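For reference, the structure discussed in these notes is given below.
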Amino acid sequence: MCGIVGYAGAENAVPVLLECLRRLEYRGYDSAGMAVVDQGKTLVRRSVGKLAALETMLGREPLAGATGIGHTRWATHGAPSLKNAHPQQVNDVALVHNGIVENFLELRHELGDEGCVFGSDTDTEVIAQLVAQAMARGATLREGVRAALRRMRGSYALAVLCAREPNQIIAAANGLPLVLGLGCGEVLLGSDVTALLGRTEDAIFLEDGEVAELTSGGARIWNAAGRLVERGPRHVAWSVEQAARGGYKHFMLKEIHEQPRVLGDALGAYLVGDRVALGPEPVDAALARRVNRVVIAACGTSWHAALSGRIAIESLARLPCEAAWAHELRYADSVVDGATLALCVSQSGETADTLAAARELRHRGTPLWAVCNVVSSSLTRAADRTLCMHAGPEISVASTKTYLASMAVLHLVALELGHARGVVAPETLRAAVRALRDIPRALEAALQGEEAIARVAARYADSEHFLFLGRGRNVGTALEGALKLKELAYTHAEGYPAGEMKHGPIALIDDKMPVVVVAPRDHLREKLRSNLIEARARGGRIIGVCELEDRDTVELCDDVLPLPSVDPLISPFAAVVPLQLFAYYVADARGLDVDRPRNLAKSVTVE
Ligand code: F6R
């Protein structure tokens, strides 16, 4: 939800900022802009649309300067337009911002009464006006930012520069991420570490309420109380190669293909022989005894991962488990207390709804574990314990590899809890670990079906409606398949438990409504086949996600997305791969921008 970058160093900031923005474009791409200080002037360039439009503009109207800030926008206040693009400039103050100023209307009216004239509809301009006003009254840039922050409510990450103090950037964060990258004779700023890759691996994550000053000589940080903070950088192990497309047409395709390795890494981090070791210490026995319920909070794809994690926790740890939408949970009067273990699942660790749910759960006394891909994100800082997905940077807006990685972590949690509670027989534990260890092979095998899947996708590329069905562990898979198609191909797709079909959705089925059925060989196979026959009888064209050797099922399908033969425990891992590829190829056949679907952003940092 908006990407912020900054550079203070000896080089021309413009190409550096563009490179950093390219890595953050997944956070928003409604408009982009940058500001530099050059020869005592604040110069701004902005354009509507993707970053490429800004690059073209900079080709026509070049900029140069050793201190600069940049922004890629996902609109909240004010439509995507030139006047609403960032940086927002007031006099010689230029400001980029991520977040929402909750009291923006109030402030806008107050400033209007004082004679300020607004050039945009954004809440961001209000902050720039406040900084400029304070500076006009004699404040330094840092004091001006502080004065503005004191009047604002809401969460924010922002960066400001001003030609009157030409060699510095002031940055501030509260509830939204901002990372400083310490290079040699230069300091960078980014909404996340991927922005900094290639220039530095030493990062300082700003804490809530902190204000930082960046110059070519280094960074200084003050806490909310205005005291200087001493905090050394953390080493970030992600590489540029990990964040680059590596020859694939889209990041999404690359990330789908990375899945066998990612799952190998994620499982390798937590499996020791045939034992699960989620951390250096086994789960505290007192905690395992005390917990009588698990709640998993998440949104979107992470919630779909929670659906399959829920089943694993109930069956392996024998604990009642709920998979809750974070945005519902935070306002629900749920029965949670110190005996409930809360698991919050989030790729980014910055999803506003999930963070709010995490805080609410903590408030009610639950132990809180974060299942997260971005270490040092806000969620990991709020949690008692973080279980990293080990998926590396996920750039494509649509989640793929982190869906699988988070499911893997949830299955491991199920096993460790089951073991700590003494409810999993050693043989069951060993068999489950064996099955999990087979996931990378199963994913490789699933990827072998890519060409066949691309052909099927081409046949259905013009369909406007789809129904996705699954049962048991694969209800989440069906929902995830439908979501991928919606977000990438802008196609109406409904995901349902197959048993629910006859209670309503069956009315939709005709020959224009392809029905995608996730049909692994598990104990629900016969039941699922009956649903498939019912859908066929209504004229539905059936696309089966099933084993080619499963002749009885294949016979009932018009088309097949091949599924390798796997242990039922890991069928949700293998079965989602054909659905990811299907959505990818439908979207690609329609000529859509797969990595940057319209209206979406990678991290949804607003409610
Ligand atoms: C879908 C997708 C979203 C996210 C959701 C939660 O492909 O990416 O549905 O899963 O916005 O994001 P995180 O996991 O970062 O909390």
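Read the numbers this way: they start at 1 and go in the same order the structure lists the ligands and their atoms. Since the model is a prediction, treat every value here as computed from it, not as a measurement.
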Give me the nearest non-hydrogen protein atom to [atom] as residue plus atom name, then the distance to 0.1 Å.
{"atom": "atom 8 (O) of ligand 1", "value": "S399 OG, 3.0 Å"}
{"atom": "atom 7 (O) of ligand 1", "value": "E487 OE2, 2.6 Å"}
{"atom": "atom 5 (C) of ligand 1", "value": "C299 O, 3.7 Å"}
{"atom": "atom 3 (C) of ligand 1", "value": "T301 N, 4.0 Å"}
{"atom": "atom 11 (O) of ligand 1", "value": "V604 CG2, 4.1 Å"}
{"atom": "atom 15 (O) of ligand 1", "value": "S348 OG, 2.6 Å"}

Check ligand 1 against [X] and write out every atom of the ligand that is under 4.0 Å from a heavy-atom position of the residue.
{"X": "A398", "result": "7 (O)"}
{"X": "S346", "result": "13 (P), 14 (O), 15 (O), 16 (O)"}
{"X": "V397", "result": "8 (O)"}

Between [X] and [Y], do the side chains contain an N or O donor and an N or O acceptor separated by less than 3.5 Å?
{"X": "Q347", "Y": "S302", "result": "no"}
{"X": "S396", "Y": "D595", "result": "yes"}
{"X": "E25", "Y": "T72", "result": "no"}
{"X": "Q580", "Y": "Q259", "result": "yes"}

- Does even one non-hydrogen atom of K484 get within less than 4.0 Å of ligand 1?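 So K484 counts as touching ligand 1.
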
- Does ligand 1 have an atom that lies less than 4.0 angstrom from a heavy atom of L379?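 Under 4.0 Å: no for L379.
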
- Please determine if R199 and E19 form a salt bridge, counting it only when a charged side-chain N lies under 4.0 Å from a carboxylate O.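 No salt bridge links R199 with E19.
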
- N-O pairing of K50 and D593 below 4.0 Å: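 Answer for the salt bridge query: yes.
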
- Message: Just to be sure I read this right, does ligand 1 sit under 4.0 Å from the backbone of T402, its side chain, both, or neither, counting only heavy atoms?
- Response: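 It is neither part, as no heavy atom is under 4.0 Å.
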
- Query: Does E350 approach ligand 1 within less than 4.0 angstrom via side chain, backbone, both or neither, non-hydrogen atoms only?
  - Reply: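 Contact part for E350 vs ligand 1: neither.
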
- Query: Between F466 and H492, is the gap from one ring center to the other below 6.0 Å?
  - Reply: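 No: the rings miss the under 6.0 Å criterion.
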
- Is the H250 to Y584 ring centre distance short of 6.0 Å?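 Close enough - the centres of the two rings lie under 6.0 Å apart.
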
- Task: Give a yes or no on whether H235 atom NE2 has more than 12 heavy-atom contacts from other residues, nucleotides or ligands under 6.0 Å away.
- Result: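 More than 12 within 6.0 Å, yes.
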
- Item | Any N/O pair T351/ligand 1 closer than 3.5 Å |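 There is such a contact, yes.
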
